[in-house]
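Data first, discussion second: the structure below is written as structure tokens.
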Amino acid sequence: MNVIELLADLQAQHDKTAARAGELRAQMQHLTAALTEVEARLADLATTRQVIAELAPAGGQPVPPETNTAYQAIVNAFNQHPDQEFRARELHELLGMPTDEASVNITRSRLGRLTRQGFLTQPGRGRYQKRTYDLSGERVHGWMGSAGGRAGS
């Protein structure tokens with residue numbers, strides 16, 4: 001095998017591998033979008049279950065107590081105020097959480113995760129809002145993308 005044949009073979013292998021990498025990237029994008037939608041639905045279902053459990057009559061079998069994690073408190077605040085934008089510090093004040101910088105930074109991380117999961121949107125720098133949908137299932141607030149951006153209307 002001469003050098004030209006070797007280079008041609010290497011180019012063919014490169015092209016084949018690059019095509020496979022492109023296929024895998026497309027699959028990752030599809031799966032990431034699907035996971036974002038499912039995780040947002042799970043958060044909505046957890047909130048709905050908690051609200052129903054709180055409103056259910058005390059008779060019958062006792063409902064196991066739900067752990068009110070910081071994430072659940074944040075999700076509940078956005079569910080109660082779906083059209084309102086919050087900054088992390090404002091959310092802390094609303095929820096009666098400590099407003100020291102370390103605590104607020106942890107909440108900023110949580111808000112970023114909820115945004116990446118598709119539950120929240122970020123209509124401006126440092127501001128977060130619940131992603132909402134109209135009756136047809138179309139997004140009213142929120143922009144679906146990995147790089148972030150302005151909220152749609």
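Residue indices begin at 1 and follow the sequence shown. Side-chain atoms are counted along with the backbone in the values below, which use heavy atoms only and exclude waters and symmetry mates.
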side-chain contact (heavy atoms from CB on, under 4.5 Å) evaluation trace for N2 with L6: CA-CA 6 Å; N2 66 29; L6 179 62; over 6 Å; no
Return the [atom1] to [atom2] distance between [X] and [Y], rounded to the nearest 0.5 Å.
X	Y	atom1	atom2	answer
K130	L114	NZ	CG	11.5 Å
L35	L31	CG	CG	8.5 Å
Y128	L111	OH	CG	5.5 Å
N76	H81	CG	NE2	10.5 Å
E39	R113	CD	CZ	6.5 Å
I74	L95	CD1	CG	7.0 Å

Measure the shortest side-chain to side-chain distance between L7 and Q11 over non-hydrogen atoms and say whether it is less than 4.5 angstrom. no
In terms of heavy-atom contacts, R108 and N105 come closest through NH1-OD1, 2.5 Å
Minimal heavy-atom distance between R131 and G118, with the atoms involved, is CD-O, 3.5 Å
Ignoring hydrogens and angles, write down the donor-acceptor pairs under 3.5 Å from the side chains of residues 86-94, residues two or more places apart or on other chains.
{"unit_1": "R87", "atom_1": "NH1", "unit_2": "R125", "atom_2": "O", "d": "3.4"}
{"unit_1": "R89", "atom_1": "NH1", "unit_2": "T99", "atom_2": "O", "d": "2.5"}
{"unit_1": "R89", "atom_1": "NH2", "unit_2": "E101", "atom_2": "OE1", "d": "2.8"}
{"unit_1": "E90", "atom_1": "OE1", "unit_2": "R87", "atom_2": "N", "d": "2.9"}
{"unit_1": "H92", "atom_1": "ND1", "unit_2": "P98", "atom_2": "O", "d": "2.4"}
{"unit_1": "H92", "atom_1": "NE2", "unit_2": "S103", "atom_2": "O", "d": "3.4"}
{"unit_1": "H92", "atom_1": "NE2", "unit_2": "T107", "atom_2": "OG1", "d": "2.5"}

**Study point:** Trace of the side-chain contact (heavy atoms from CB on, under 4.5 Å) decision for R116 with T36
**Key:** CA-CA 7 Å; R116 287 188 301 278; T36 298; over 6 Å; no
- Query: Does one hydrophobic cluster hold both V38 and Y71, with members joined at side-chain heavy-atom distances below 4.5 Å?
  - Reply: no
- Query: If you draw a 6.0 Å radius around CD1 in I4, do more than 12 non-hydrogen atoms from other residues or ligands fall strictly inside?
  - Reply: no
List the steps and the verdict of side-chain contact (heavy atoms from CB on, under 4.5 Å) for F78 and T47.
CA-CA 11 Å; F78 281 102; T47 301; over 6 Å; no
